[in-house]
Amino acid sequence: MSLSWRGAAVAPDDEMPSPETWEPVSVPGRPAAFAGADAVAYETTVADPRTGADEHVVLVLRGAYAHTRVWCNGDHVAESDSYVTPLRVRLPEAEEYRLVVECRAPEDRFGGLHDTDQLPPERCVPGIWWDASLETYPDPYVHAMRGRPRLTEDGAAVDVEAEVVTKEPLDDRLTFSIRPTGEVRGGGMMDRERVETDAGGTTVTHTIDVRDPSLWWPHDLGNQPRYVVRAKLGDTEHSLTTGLRSVTYDQGEGLECNGERVRARGVTLLDPTVEDVERAVAANANLVRVRAQGVPPAVAEACDEHGVLLWQDLPLTGPGSFDMDRGRELAESFTEHIGNHPSLACVSVHDEPVEPYADGLGSTTLDRLRYRFRAWRASYNEAPAEAVAERVEGVPTVPVVGPPGIDPDAVTLYPGWRYGSVEDLAWLCDHYGVGDVVAGFGAGSLGTDDPTDETGFDNSRVSGDAADSQAYQARIVQTVAEQFRQRESDVVVLDSLRDVADAGMGVLAADGTEKRAYATLSDSYQPTQVFLSDPTPGESDIVACHDRPSGGTVTVEWDHNGERQQQERVIGAFGRVTVGSLTLEAGDELTLAAAVEGRAVKNEYRIEGDR
């Protein structure tokens, strides 16, 4: 049942909000009129929605950011401090309900990007961001359900928790079932579990075994079959959709899905939408990182549907200590409530925990000495983040995401943008032992020649107009992405896919318009692609990279200033092979093309005098 809401900015105190005036607002949403407010109250009045056999009324809020309190007919009835966890509030019996929901800005360190200046204020309005509705049920009923898939020696299983609510003592059977959706092969399974409880409710746990499962895969490795899990009690049921898969990471074996190697090519989402997942797929990415915030349910579902691995951050970014117990609670909450998504591939804890220390440094020997000294001073105690990560079950964890020098679990590297040139990439990776898992690389650019909103963007690094800055960004993105591909990095994530303002690190403008670097990234992210080892004047090898689970014969052709050559090489699964070499000069134009297993790709270069 949808609701009509009014809203008002209020003082964050202990009383139920009672503003002098209310304004009509859209819920779910982020009313721009309240941008910058520390607390916003939302109010609606509705008649008792129960009909027929209904005995329970439940208010359901999804994405209530960040600290939320709920009143019903003047009584405080619920609160929440995890906006990823659906807030399901059982309401008392009444002929009419006046509901007041107060959402406050973060009162701790766990506001994520929305508690920084990296997103526009209108994207950070405390509110009910994803959904708000009233649901009705008979008695007894299944109030909520969570599920987590895993592979077993005999096939697969889904561990399920179902919350049962009843007004009277209950001794009954809860029926659990799992069935494939769409055209997925295989039949369903059904089990029953006894539920015995006094009036009030209980949580029933059960494991559903699945024989001969159809496994979920990233889109470049296979299909994305999914299953619907149901818990039925009497005439009521609760359901969720999942997929059957396993995800593991080992520094030696790399990232694996269902026991098979995966080279992850990703993009960061700063303001995630379903369209962004589709744009990531179009750019040949097979992973998205939702940075320092909770993933909207529709985005997680889009990742499941399109076969995109989901890297989920906790909402914790920037320098400063944090409450480990609060972090543990959030880690458990996140994995409990998004753990059913087969796309979930890893969870990270603390993003960029030290102040940037290398901005503006060049590439000279003295600059490198300064870099090493500043990196040495940028100490970070990773123990709290690691303690939080231990509470994550079922997927790999990345406790610390940050720059070289603090021994991060995933590194962020911006040579050619924040410091030095792209030629410093090899030195950074080799000297600091990083590059296996890259959580962020890239460069920024203008989205328009006359930007009016540059939220989170330092334009001091940009020279020229939008076209000039986008050309520079494209060169950085191409060179760094290709170098990581040739270095056989396990996970590489571009920062970022789409801007949140009129300028930024995105390869798309805020409205989704492509910048030059988007096409460059799409070419660089082809699973099979051919690259120049060093696209600058001088000698360069031609290297074929093949990030697929089976090998073959690769045919490579190159056109160097109108002169064509062709070579064939045998290449193995996830292999790298040198095909030939060239002597390049400034101004040269080069087109590389490769064909393997019936797939053809191309890559283009114009050799610049420097990088």
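- Ion pairing between a basic and an acidic side chain is recognised when a charged N comes within 4.0 Å of a carboxylate O; Arg150 and Asp159 show such pairing.
- Ion pairing between a basic and an acidic side chain is recognised when a charged N comes within 4.0 Å of a carboxylate O; Glu193 and Arg173 show no such pairing.
- The existence of a salt bridge linking Glu163 and Arg146 is confirmed by a sub-4.0 Å separation between a basic side-chain nitrogen and an acidic carboxylate oxygen.
- In the model, Ser333 has a side-chain atom that pairs as donor or acceptor with a side-chain atom of Thr85 under 3.5 Å.
- If you check the side chains of Thr136 and Asp54, you find a donor sitting under 3.5 Å from an acceptor.
- The aromatic rings of Tyr137 and Tyr141 sit parallel, their planes meeting at an angle under 30°, below the 60° perpendicular limit.
- By the 4.0 Å N-to-carboxylate-O rule, Glu55 lies close enough to Lys167 to be salt-bridged with it.
- With salt bridges taken as basic N to acidic carboxylate O contacts below 4.0 Å, one links Glu43 and Arg98.
- Centroid-to-centroid, the aromatic rings of Trp129 and His114 come within less than 6.0 Å.
- Between His350 and Phe322, a ring centre-to-centre spacing shorter than 6.0 Å is recorded.
- Using a 4.0 Å cut-off between a side-chain N of Lys or Arg and a carboxylate O of Asp or Glu, Asp81 and Arg326 qualify as a salt bridge.
- With respect to the salt-bridge test (charged N to carboxylate O, under 4.0 angstrom), the residues Arg289 and Asp351 qualify.
- Taking the charged nitrogens against the carboxylate oxygens, Glu79 and Arg69 have no contact shorter than 4.0 Å, which rules out a salt bridge.
- Ion pair Asp171/Arg194 flagged as a salt bridge, since at least one NZ, NE, NH1 or NH2 atom sits closer than 4.0 Å to an Asp/Glu carboxylate oxygen.
- Between the side chains of His56 and Asp139, at least one donor N or O lies within less than 3.5 Å of an accepting N or O.
- Salt-bridge check for Asp304 with Arg226: failed, with every basic side-chain N at 4.0 Å or more from each acidic carboxylate O.
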